[in-house]
**Q** 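Handing you this structure, nothing more for now.
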Protein chains: 2
Amino acid sequence: MSGPITSRKVTVTDVARRAKVSPGTVSNALSGKRHVNAETRQRIEQAIEELGYVPNLTARQMRTGRSNTIAIASSMSVGVAAGPSKLGFLMEIAAAAAITALERNTALILIPPIDNPQSALDQLSVDGALIVEPERDDPMLETLIRRRVPTICIGAPPEMTLPHVALEYSAMANLLIDHLLDCGSRHFPLILGQSDRQTNRDFRAVYLARAKAEGRPAHIIELPEQNAEAAAETALRQQMEQGLSFDGILVPVDAMATGVMRALRGAGLNIPGDVRVVTRYDGLRARQETPALTAIDLQLDEVARIATEALAQMIEQVAIPPIIKAPTPRLLARRSSLLS
Amino acid sequence: MSGPITSRKVTVTDVARRAKVSPGTVSNALSGKRHVNAETRQRIEQAIEELGYVPNLTARQMRTGRSNTIAIASSMSVGVAAGPSKLGFLMEIAAAAAITALERNTALILIPPIDNPQSALDQLSVDGALIVEPERDDPMLETLIRRRVPTICIGAPPEMTLPHVALEYSAMANLLIDHLLDCGSRHFPLILGQSDRQTNRDFRAVYLARAKAEGRPAHIIELPEQNAEAAAETALRQQMEQGLSFDGILVPVDAMATGVMRALRGAGLNIPGDVRVVTRYDGLRARQETPALTAIDLQLDEVARIATEALAQMIEQVAIPPIIKAPTPRLLARRSSLLS
DNA sequence: AGCGCTCAGTAAATCGTTTTAATAAAAAGG
DNA sequence: CCTTTTTATTAAAACGATTTACTGAGCGCT
């Protein structure tokens with residue numbers, strides 16, 4: 001407990017007094033917006049040092065109208081996102097975005113999936129927002145638009161006119177289907193979630209189109225996203241009991257892939273010998289499975305960086321293209337599909 | 001593009017004018033700090049509705065001196081934390097803390113491990129901070145203390161006088177050792193990281209004390225935390241080649257546990273038949289291993305909640321106990337140690 | 001000398017709230 | 001009926017920075 005008991009905050013005025021200049025000059029010295037004499041600047045810096053001055057960010061924000069803060073949010077309901085899987089996806093992006101943001105002197109505030117996201121937004125003043133894989137009629141997205149908060153979606157939003165970083169779901173689907181074919185699979189069902197997101201639409205469309213074009217059977221299993229792992233396991237088990245046969249499985253959601261693996265193991269099937277399994281999100285789950293799952297490298301940290309920088313542009317009123325291309329996804333072939 | 005091109009922000013003054021009252025009254029109506037006539041309040045609420053008034057948080061913060069923002073940070077260097085493992089730990093806490101914070105109208109800003117965390121803190125004005133498993137001479141912690149920012153550590157800080165939520169590492173170590181003994185193991189090395197954190201100190205102390213008291217051999221393998229998984233794998237492999245024999249392994253860090261599992265499988269050992277493996281952090285890794293790893297349920301979301309609420313108290317200058325007990329850790333026995 | 005121009009610095013206005021001190025009106029008390 | 005107290009409201013002063021408009025001083029150039 002050294003130092004004064006009550007240390008009144010030291011302000012720009014205190015510094016100015018000590019350096020025998022006006023507050024305005026101190027401000028200029030700090031921001032560099034106007035030139036100040038080298039000698040004067042010297043005095044100011046010394047005063048700052050001696051007094052231990054730290055600028056009050058709030059006051060600065062108030063004057064400049066910027067909060068130097070962006071939010072990252074996912075609207076997924078707690079039930080869906082709370083599992084380590086989806087949360088992992090969001091958090092992986094959040095961590096990368098936070099780093100990029102901090103490099104630009106911007107703080108990233110985390111809005112995890114909560115029941116009433118709008119009330120949260122009401123209490124926050126942010127310069128912009130990133131929103132991850134928005135759903136149709138996403139309440140959070142709607143609130144942001146109504147408030148005219150600059151917003152960038154990661155993954156296509158339902159109305160394609162909103163600016164977003166386009167994750168190339170179709171390309172991913174093609175990569176995975178090509179790979180399954182390369183590995184000798186011809187009969188592979190598609191297992192996916194039933195929420196109305198771009199990723200689901202694209203995977204379904206590509207899957208159906210190619211099955212038709214290439215004369216292969218198409219079989220889509222749609223599942224609720226609550227408790228995805230167990231849902232996938234039981235669903236697949238049931239289908240197998242009913243005689244469904246296949247030599248591969250395309251299951252984009254990693255949590256579902258884990259469930260699928262469990263069902264397959266339970267049925268005594270050999271992977272990849274009998275069945276090749278491929279998934280999309282290359283999270284911990286895919287890497288940790290035995291055998292490790294073939295997946296797509298989404299390059300999420302790069303995606304997050306791009307999105308954050310685009311958002312910064314948008315906040316500074318610089319025009320940006322409405323659709324920003326994400327880095328090209330790459331296939332990560334692993335033992336769950338490689339026969340040799 | 002409906003609506004006015006440039007919609008000047010509507011302020012409390014606009015509302016006041018419209019409701020034919022003074023700005024102060026509007027403020028009182030909003031905050032409820034002073035009583036305002038029911039009829040007047042009615043008029044004000046209507047004006048707010050009609051104008052679509054949204055309070056300017058920054059101005060409010062400036063006047064009240066609160067930013068309604070807390071930071072969560074981990075000081076781990078990028079190399080250590082960037083892996084999904086440690087990041088998972090931080091993020092799991094962050095997500096839970098964000099939820100608790102939002103319930104209290106406080107935003108949580110994320111400071112991921114970056115090279116120069118102090119510069120980041122300089123640009124932020126927060127009411128308080130949570131800091132996860134601080135290290136000795138933690139630069140971030142030092143900055144926070146110098147700035148007199150109310151701070152709560154999650155996991156004991158090096159100087160025990162700082163307020164913190166005490167994760168009961170000793171209890172965890174005892175739980176795991178008891179369990180290994182129950183499962184018939186008597187020779188189990190301890191594999192841990194070499195950074196100077198409370199968790200490492202506690203595990204080492206308990207391990208040594210019990211080995212001595214119970215007449216068992218003690219063998220500690222200390223590893224750098226960079227690239228923990230590979231480090232653990234090669235280290236264990238080497239030790240086995242040199243003739244180290246054991247019937248169990250105590251490896252708190254989950255990334256290292258994964259490496260250990262790989263080394264054991266590589267040596268053709270049966271788990272849990274030949275070797276029982278237990279770890280501490282029950283993350284995705286532990287659950288996804290085959291066989292799944294026995295671990296400790298740290299109840300991190302509860303820990304985060306407790307820490308966030310304590311921090312809120314501290315910010316409001318309410319006295320809090322310097323050491324806050326975390327919920328009692330519970331053993332999650334899984335197939336990596338269960339013989340039957 | 002007079003004119004224009006840059007340079008450094010200052011005083012004052014401003015951002016949008018909350019809070020304090022003052023006030024008018026109404027109610028209560030004698 | 002004249003005080004006191006309470007109640008509801010308001011005008012004005014903060015909060016701590018940035019920015020605008022203004023002021024001299026110094027300098028170069030006809």
Side-chain angles (χ1 to χ4, degrees), chain A residues 6-45 47-48 51-69 105 122-127 147 316, chain B residues 6-45 47-48 51-69 105 122-127 147 316:
Chain A
T6 49
S7 61
R8 205 178 52 74
K9 270 279 194 240
V10 22
T11 78
V12 75
T13 314
D14 302 323
V15 174
R17 186 164 30 236
R18 176 139 193 159
K20 308 227 183 286
V21 292
S22 78
T25 306
V26 176
S27 174
N28 287 332
L30 248 41
S31 67
K33 294 223 164 141
R34 274 187 186 26
H35 201 271
V36 338
N37 192 339
E39 190 204 344
T40 317
R41 150 168 282 130
Q42 170 75 22
R43 278 210 318 281
I44 292 175
E45 273 162 8
I48 287 178
L51 297 176
Y53 166 73
V54 181
N56 179 323
L57 274 295
T58 308
R60 180 176 291 172
Q61 287 163 13
M62 150 110 133
R63 182 64 243 236
T64 60
R66 288 273 176 77
S67 73
N68 276 21
T69 295
N105 284 337
D122 285 348
Q123 299 301 324
L124 266 38
S125 62
V126 294
D127 294 337
R147 289 274 182 73
E316 285 162 19
Chain B
T6 50
S7 61
R8 206 178 53 74
K9 271 276 194 245
V10 21
T11 79
V12 77
T13 313
D14 302 323
V15 174
R17 186 163 30 236
R18 175 137 192 161
K20 309 226 182 284
V21 292
S22 78
T25 305
V26 175
S27 175
N28 287 331
L30 248 40
S31 66
K33 293 224 164 141
R34 274 187 185 23
H35 201 270
V36 339
N37 192 336
E39 190 204 345
T40 318
R41 150 167 282 131
Q42 169 75 22
R43 278 210 317 282
I44 292 174
E45 273 162 10
I48 287 178
L51 297 175
Y53 165 73
V54 180
N56 178 324
L57 275 294
T58 307
R60 178 175 294 173
Q61 287 164 13
M62 151 109 140
R63 182 63 241 231
T64 58
R66 288 274 177 77
S67 73
N68 276 24
T69 295
N105 283 340
D122 286 348
Q123 299 302 323
L124 266 37
S125 59
V126 294
D127 293 338
R147 289 277 182 71
E316 284 163 19

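Remember, predicted model here, so these are calculated numbers, not experimental data. These values consider heavy atoms only, across backbone and side chains, with no hydrogens, waters or symmetry-generated copies. Every chain is numbered from 1 and lettered A, B, ... according to where its sequence line falls, protein lines coming before strand lines.
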**Q** To the nearest 0.5 Å, what is the distance between CG on A/L57 and CE on B/M62?
**A**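 It is 12.5 Å, given to the nearest 0.5 Å.
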
**Q** So, taking the atom named CD in B/Q42 and the one named CG in B/N37, what distance separates them when rounded to the nearest 0.5 Å?
**A**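 One gets 11.0 Å once the value is rounded to the nearest 0.5 Å.
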
**Q** Report the distance from atom CD of A/E39 to atom P of C/dA8, rounded to the nearest whole Å.
**A**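 About 12 Å, once rounded to whole Å.
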
**Q** For D/dT9, take OP1 and OP2 only and decide whether either is under 4.0 Å from a side-chain N or O of B/T25.
**A**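 Result: no.
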
**Q** How many angstroms lie between CG in B/L30 and CZ in B/R60, if you round to the nearest 0.5 Å?
**A**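 Going from CG on B/L30 over to CZ on B/R60, the span is 6.0 Å.
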
**Q** Let's see if you can work this out: which of D/dT20, D/dA17, D/dT19 has an atom nearest to the side-chain heavy atoms of A/Y53?
**A**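 Of D/dT20, D/dA17, D/dT19, D/dA17 is nearest to the side chain of A/Y53.
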
**Q** In whole Å, what is the span from the CG atom of A/L30 to the P atom of D/dA17?
**A**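 Taking atom P of D/dA17 as the reference, CG of A/L30 is at 9 Å.
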
**Q** How is A/V21 classified with respect to the nucleic acid when contacts are heavy atoms under 4.0 Å: base, sugar-phosphate, or nothing?
**A**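 Sugar-phosphate only.
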
**Q** Over how many whole Å does the gap from A/R63 atom CZ to D/dG16 atom C1' extend?
**A**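 Taking atom C1' of D/dG16 as the reference, CZ of A/R63 is at 11 Å.
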
**Q** Taking OP1 and OP2 of D/dA8, is either one under 4.0 Å from a side-chain nitrogen or oxygen of B/H35?
**A**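 For D/dA8, OP1/OP2 do have a side-chain N/O of B/H35 under 4.0 Å.
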
**Q** Atom OG1 of B/T69 and atom CG of A/L124: how far apart are they, to the nearest 0.5 Å?
**A**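 CG of A/L124 is found 7.0 Å from OG1 of B/T69.
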
**Q** As a test of reading the structure: which of D/dT18, C/dT17, D/dT10 is closest to the side chain of B/A59, going by heavy atoms?
**A**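 From the listed options, C/dT17 comes nearest.
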
**Q** When rounded to the nearest 0.5 angstrom, what is the spacing between OG1 in A/T40 and CD in A/E45?
**A**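 A/T40 OG1 to A/E45 CD: 11.0 Å, rounded to 0.5 Å.
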
**Q** Give the rounded distance in Å between these two atoms: NZ of B/K9 and P of C/dG16.
**A**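 It works out to 10 Å between those atoms.
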
**Q** Rounding to a whole Å, what distance do you find between A/N68:CG and D/dT18:C1'?
**A**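 Going from A/N68 (CG) to D/dT18 (C1'), I get 14 Å.
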
**Q** Between D/dA17 atom P and A/R60 atom CZ, what is the distance in whole Å?
**A**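 For the pair A/R60 CZ and D/dA17 P, the rounded distance is 8 Å.
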
**Q** Below 4.0 angstrom from OP1 or OP2 of D/dT18, is there any side-chain N or O of A/K33?
**A**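 A/K33 to D/dT18 OP1/OP2: no side-chain N or O under 4.0 Å.
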
**Q** With a non-hydrogen cut-off below 4.0 angstrom, is B/T11 in contact with a base, only sugar-phosphate, or nothing?
**A**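 Result for B/T11 = sugar-phosphate.
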
**Q** Think B/T40 has a side-chain N or O under 4.0 angstrom from the OP1 or OP2 of D/dA8?
**A**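 B/T40 to D/dA8 OP1/OP2: no side-chain N or O under 4.0 Å.
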
**Q** Relative to the 5' end of DNA chain D, which residue comes earlier, B/N28 or B/M62, by the nucleotide with the nearest heavy atom?
**A**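 With B/N28 and B/M62 compared, the 5'-side residue is B/N28.
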
**Q** Tell me the interatomic distance from B/I44, atom CD1, to C/dT18, atom P, rounded to whole angstroms.
**A**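 One finds 12 Å between P of C/dT18 and CD1 of B/I44, rounded.
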
**Q** Could you check how far CG of B/N37 sits from P of C/dA26, rounded to whole Å?
**A**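 Rounding to the nearest Å, CG of B/N37 and P of C/dA26 are 12 Å apart.
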
